[in-house]
*Asks:* 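Encoded as structure tokens, here's the structure I'll be asking about.
Atoms within each ligand, like the ligands themselves, are counted from 1 in listed order.
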Amino acid sequence: MPKESMGAFADYTVVPEGLLARMPATLDFAVAAGVPLAGLTALQALRDELQLRPGSRVFIPGGAGGVGTFAIQIARWLGAEVTTTASERGRALVERLGADVVIDYTSQRFEDHVRDMDGVFDLIGGDTLMKSFQVVKPGGKVVSIAGMPEPQTARQDLGGGFLLTALFWAVSYRLRAQAKKHGVTYRYLFMHPSGPELAELGGLIEEKKLEPVIDRVFPFADIADAFVHLESGHAKGKIVVQMPA
Ligand SMILES: NC(=O)c1ccc[n+]([C@@H]2O[C@H](COP(=O)([O-])OP(=O)(O)OC[C@H]3O[C@@H](n4cnc5c(N)ncnc54)[C@H](OP(=O)(O)O)[C@@H]3O)[C@@H](O)[C@H]2O)c1
């Protein structure tokens with residue numbers, strides 16, 4: 001759905017036709033509901049922004065969550081070698097999805113083990129993002145969906161004007177300075193809905209090249225518990241809220 005309509009749960013909503021795609025025949029509604037936001041975010045970050053191609057080396061901190069489980073699979077589909085972080089709780093999952101190297105973020109410092117990446121797709125933000133710049137080759141790219149937005153986010157993703165661009169310039173100053181120091185570029189991506197790209201993801205799912213991973217499905221009556229679980233930060237895949245039949 002359009003960004004300005006996000007943020008509510010309802011039985012019905014109005015969505016522009018161009019943002020829709022046919023649901024893969026192999027999925028039910030609950031699983032399909034987990035695909036658009038996380039799947040499109042991963043596709044746009046890895047293919048459009050990082051421009052991964054066969055042989056690229058990508059680091060994806062936070063591979064076991066909602067976006068990470070799509071990102072590992074899509075990066076592998078694009079032909080990239082994937083290094084990710086997960087705790088022991090998520091290791092088996094990220095390995096099954098195709099991660100080549102898994103670093104336990106609870107016991108190891110990834111910056112001691114990862115180097116010469118072509119790109120980073122950061123799902124964690126904070127210190128993890130700050131340290132990500134040092135593991136990328138000069139000329140490489142760091143794309144985050146959990147850090148600070150930068151001027152391009154304002155102009156390209158949000159259609160903002162001078163004020164928003166200036167604000168994002170200021171809040172991303174430290175990150176852009178860190179990127180410059182390491183000779184890499186920094187981009188904060190705000191995903192955009194797209195029917196054609198959603199159809200592409202649907203095709204990959206039907207061809208069994210992409211598996212949506214669902215952590216738990218909560219009935220609408222338990223929506224508060226769903227948010228508590230989400231905020232725990234330990235989901236393995238997507239959390240879905242199902243409306244009453
Ligand atoms: N900009 C956009 O367009 C956009 C779109 C979608 C999402 N987002 C944002 O992207 C971020 C990721 O979303 P998500 O849905 O993937 O999150 P999520 O599903 O809540 O992620 C949970 C997973 O992250 C792991 N994790 C937590 N801390 C970690 C760390 N320090 N290092 C490595 N893994 C860690 C957890 O593993 P353990 O249980 O092992 O700790 C858990 O499996 C969120 O901040 C979300 O708001 C932005």
Side-chain angles (χ1 to χ4, degrees), residues 1-4 6-7 19 33-46 48-50 59-75 82-97 99 101-111 113-114 120-132 135 142-150 152-154 156-158 160 168 171-172 175 186-194 197-198 201 212-218 226-241:
M1 66 170 55
K3 286 188 192 113
E4 54 280 9
M6 285 181 179
L19 305 186
V35 175
L37 178 71
L40 289 173
T41 304
L43 183 66
Q44 291 163 9
L46 298 167
D48 304 343
E49 299 294 336
L50 290 175
F59 176 48
I60 305 176
V67 179
T69 48
F70 280 99
I72 291 170
Q73 298 179 77
I74 291 172
V82 177
T83 299
T84 192
T85 55
S87 70
E88 287 307 314
R89 293 181 290 269
R91 176 180 287 275
L93 173 63
V94 298
E95 283 179 346
R96 180 171 69 73
L97 297 176
V101 179
V102 183
I103 295 168
D104 182 349
Y105 78 90
T106 64
S107 60
Q108 289 174 295
R109 290 158 35 105
F110 71 83
E111 63 274 26
H113 303 276
V114 184
V120 172
F121 179 28
D122 164 59
L123 314 178
I124 303 295
D127 263 9
T128 299
L129 172 57
M130 216 33 143
K131 289 175 183 162
S132 288
V135 309
V142 174
V143 174
S144 177
I145 57 166
M148 285 293 169
E150 37 71 40
Q152 201 179 338
T153 321
Q156 188 173 315
D157 300 343
L158 300 175
F168 286 3
V171 297
S172 61
L175 288 167
Y186 171 63
R187 167 98 166 98
Y188 177 90
L189 174 74
F190 205 113
M191 63 78 67
H192 55 271
S194 158
E197 288 180 348
L198 193 54
L201 292 174
V213 177
I214 303 299
D215 174 281
R216 267 176 79 181
V217 179
F218 288 83
F227 273 97
V228 169
H229 183 50
L230 177 68
E231 285 169 9
S232 78
H234 295 305
K236 299 288 163 283
K238 289 293 293 181
I239 298 166
V240 174
V241 173

*Asks:* Counting neighbours of CE on M148 that are heavy atoms of other residues, nucleotides or ligands and sit closer than 6.0 Å, is the number greater than 12?
*Replies:*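 Not buried by this count: 12 neighbours or fewer within 6.0 Å.
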*Asks:* Before signing off on this row, confirm whether V67 and ligand 1 have an N or O atom pair separated by under 3.5 Å.
*Replies:*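 Min N/O separation from ligand 1 is below 3.5 Å for V67.
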*Asks:* Could you tell me whether some N/O pair between M191 and ligand 1 is separated by less than 3.5 angstrom?
*Replies:*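 For ligand 1, there is an N or O atom that lies under 3.5 Å from one belonging to M191.
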*Asks:* Minimum distance, heavy atoms only, to atom 34 (N) of ligand 1: which one of A235, A45, S144, G62 is it?
*Replies:*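 Among A235, A45, S144, G62, the closest heavy atom to atom 34 (N) of ligand 1 belongs to G62.
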*Asks:* Can you find an N or O of L189 that's nearer than 3.5 Å to an N or O of ligand 1?
*Replies:*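 Indeed, backbone or side chain, L189 has an N or O that close.
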*Asks:* Can I get a per-line list of side-chain donor-acceptor pairs under 3.5 Å for residues 34-43, giving both atom names and the distance, sequence neighbours left out?
*Replies:*
| from | atom 1 | to | atom 2 | distance (Å) |
| --- | --- | --- | --- | --- |
| T41 | OG1 | L37 | O | 2.5 |

*Asks:* Would you compute the distance between atom CE of M130 and atom CG of D122 and round it to the nearest 0.5 angstrom?
*Replies:*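 The distance works out to 11.5 Å.
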*Asks:* Hey, which atoms in ligand 1 end up nearer than 4.0 Å to a heavy atom of K236?
*Replies:*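 In order of number, 37 (O), 38 (P), 39 (O), 40 (O), 42 (C), 43 (O).
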*Asks:* Check each of G66, G237, G233 against atom 15 (O) of ligand 1 and report the one with the nearest heavy atom.
*Replies:*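 Ranked by closest heavy atom to atom 15 (O) of ligand 1, first place is G66.
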*Asks:* Are T85 and F59 side-chain neighbours, meaning at least one heavy-atom pair lies under 4.5 Å?
*Replies:*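 Touching, per the 4.5 Å side-chain cut-off.
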*Asks:* Using a heavy-atom cut-off of under 4.0 Å, does the side chain or the backbone of H234 touch ligand 1, or both, or neither?
*Replies:*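 Both backbone and side chain.
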*Asks:* Using distance alone, decide if ligand 1 has a nitrogen or oxygen within less than 3.5 Å of any nitrogen or oxygen in L37.
*Replies:*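 No; the residue has no nitrogen or oxygen that sits under 3.5 Å from a nitrogen or oxygen of the ligand.
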*Asks:* Would you mind telling me if ligand 1 is within reach of the side chain of T41, the backbone, both or neither, using heavy atoms under 4.0 Å?
*Replies:*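 The answer is the side chain of T41.
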*Asks:* Can you find a non-hydrogen atom of G90 under 4.0 Å from ligand 1?
*Replies:*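 No, G90 has no heavy atoms under 4.0 Å from ligand 1.
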*Asks:* Which heavy-atom pair separates K236 from V213 by the least distance, and what is that distance?
*Replies:*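 Shortest heavy-atom contact: O-CG1, 3.8 Å.
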*Asks:* Are A86 and ligand 1 in contact, using a heavy-atom cut-off of under 4.0 Å?
*Replies:*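 False for this residue.
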*Asks:* Considering the heavy atoms of G65, write down every atom of ligand 1 situated less than 4.0 Å from one of them.
*Replies:*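 Atoms satisfying the 4.0 Å criterion: 16 (O), 19 (O), 21 (O), 22 (C), 23 (C), 43 (O).
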*Asks:* As an exercise, identify every atom of ligand 1 less than 4.0 angstrom from a heavy atom of A64.
*Replies:*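 Matching atoms, with element in brackets: 43 (O).
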*Asks:* Can we call the ring centroids of Y188 and F168 under 6.0 Å apart?
*Replies:*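 No, the ring centres sit 6.0 Å or more apart.
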*Asks:* Under 4.0 Å and counting heavy atoms only, is there anything from the protein next to atom 47 (O) of ligand 1?
*Replies:*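 It does not: no protein heavy atom is found less than 4.0 Å away from atom 47 (O) of ligand 1.
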*Asks:* Purely on distance, is any nitrogen or oxygen of T128 under 3.5 Å from one on ligand 1?
*Replies:*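 Not met; the criterion fails.
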*Asks:* How far does CD1 of I60 sit from CG of L46, to the nearest 0.5 angstrom?
*Replies:*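 These two atoms lie 5.5 Å from each other.
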*Asks:* Going by a strict under-4.0 Å cutoff (protein heavy atoms only), does atom 7 (C) of ligand 1 have a neighbour on the protein?
*Replies:*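 Protein heavy atom within 4.0 Å of atom 7 (C) of ligand 1: present.
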